[in-house]
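Start at 1 and go down the list; that is how both ligands and their atoms are numbered. For this chain, numbers begin at 1 and follow the sequence in order. When reading the values below, keep in mind they use all heavy atoms of this one structure, side chains included, and skip hydrogens, waters and symmetry mates.
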Amino acid sequence: MTIPLSVIWKDEQLTILDQRLLPQAVQYETLETLEQVHDAIFQLKVRGAPAIGIAAAYGLALAARRHKTVDIESFRKDVKKDADYLIASRPTAVNLAWAVARLINRIEQAGTVAQAKTQLIEEAQLIRDEDEAACRNIGEHALELLADKERVLTICNAGSIATAKYGTALAPFHLGKERGQEFQVYACETRPLFQGGRLTVWELQQAGVDVTLITDSMAAHTIAAKGIEAIIVGADRITANGDTANKIGTLNLALLAQAYGIPFYVAAPVSTFDLSLETGSSIPIEERAAEEVATIGTQQIAPAGTKVFNPAFDVTPAKYITAIITERGIIRPNDEQTIEAQLYAVPSKGETV
Ligand code: MRU
């Protein structure tokens, strides 16, 4: 049983798992240019907020190596331009902008281009390693909340392949497996691109975790019929008041959790918080191509030319969120204390924040 990985840096090469092909094919691809990294993110070969950030960080560092200038100021300008290009690949997950901003800040004081090139790789590596540590800690905190629970529902894939390792919402299931705490996970298939059916089911099966697939429209019935005890999801951006953007369909689940009186947990690293935005209404929501809804694979399922609305994410208001599980600890968005105060009040377990 293994926990699969999706972004791998080895021998100075960036390799990603092409998640579009799962579960039919497990195919890794080496990315060498800025354009390839941009397109891999845009096409969802690599996806999931933290994984996008990590891939972009390595992509920026790789592209920077090819810049010929020896003037540090023009080098910084080139890197900034590359960063803007990468950020434009997907708008909702803040981890992307966060990661490339870290690289840009890192070379602020660099004296030479050679030094800056080394620093960029180092920073990308740090972002990856910190994310793995963060996800492990998220898993630990989530296990505390899920200590007396067995049947848990999730949506999309907020798993190992959406992060450096372990995942966010799926981290407690991976850690639980290591420790003999078994869960029965129910995975919403996640229309239109089936990240639940294709990716979460595959990932949990690889790791030997019990998983049952349902369609998104079966969630309410399943909560009642199967006695779901908690819902746990990932996040693409969390604003200062705790509003949370995540895969389309997440809001439905939060409302169901409220109706059925079960906890609704969001699991996310600090890199997913955007405290510069006050509420979720300011989060840019990616809208994707009509064909994703009007077809399944190559099969047309709606009349040609059908008008389609295809938002990739929705925003769950903080009032429906029982707790946000971060690497620093558990945040209660409906507490009197602000999210920011809670985020920085809880003791860090040694990770850089
Ligand atoms: O469109 P995707 O597949 O990138 O959407 C991913 C999600 O919504 C995840 O829940 C989120 O990015 C968290 S991944 C740890």
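The shortest side-chain heavy-atom distance between Thr190 and Lys247 falls under the 4.5 Å cut-off. Contact annotation: the side chain of Leu251 never approaches that of Val315 to less than 4.5 Å [non-hydrogen atoms, C-beta and beyond]. In this structure the side chain of Val185 reaches within 4.5 angstrom of the side chain of Thr154, judged on heavy atoms. Val270 has its side chain within reach of Glu327: a pair of non-hydrogen atoms, C-beta onward, lies under 4.5 Å apart.
Residues Asn241 and Gly280 approach most closely at OD1-N, 4.3 Å, considering heavy atoms.
In terms of protein heavy atoms, atom 9 (C) of ligand 1 is closest to Asn246 OD1, 3.4 Å. At the top of the distance list for atom 3 (O) of ligand 1, counting protein heavy atoms only, stands Arg47 NE, 2.7 Å. For atom 8 (O) of ligand 1, the closest non-hydrogen atom on the protein side is Asp236 OD1, 2.9 Å. Looking at atom 15 (C) of ligand 1, its nearest protein heavy atom turns out to be Thr168 OG1, 3.3 Å. Among protein heavy atoms, the minimum distance from atom 12 (O) of ligand 1 is reached at Ala49 N, 2.8 Å.
Here is the list of ligand 1 atoms found below 4.0 Å of a heavy atom in Gly48: 4 (O), 12 (O), 14 (S). Atoms of ligand 1 found under 4.0 Å from any heavy atom of Gln195, numbered from 1 in the order shown, are 1 (O), 2 (P), 3 (O). Contact atoms of ligand 1 toward Thr163: 15 (C) (distance under 4.0 Å to a heavy atom of the residue).
Using a 4.0 Å heavy-atom cutoff, Cys156 is listed among the residues neighbouring ligand 1. Residue contacts with ligand 1 include Pro50, since one or more of its heavy atoms lies under 4.0 Å from the ligand.
Relative orientation of the Phe173 and Phe183 rings is perpendicular, given thresholds of 30° and 60° on the angle between their planes.
The backbone and the side chain of Lys247 each have at least one atom closer than 4.0 Å to an atom of ligand 1 (non-hydrogen atoms only).
The local environment of NZ in Lys149 is crowded, with over 12 non-hydrogen atoms from other residues, nucleotides or ligands closer than 6.0 Å.
Defined by atom type and a distance below 3.5 Å, a donor-acceptor pair is present between the side-chain atoms of Asn95 and Ser271. With no hydrogens or angles considered, no side-chain donor-acceptor pair links Arg151 and Gln184 at under 3.5 Å.
Some N or O of Arg90 is nearer than 3.5 Å to an N or O of ligand 1, by distance alone. Checked by distance only, ligand 1 and Ala158 stay at 3.5 Å or farther apart across all their nitrogen or oxygen atoms.
Ranked by closest heavy atom to atom 13 (C) of ligand 1, the top entry among Ala235, Ala171, Ala162 is Ala235.
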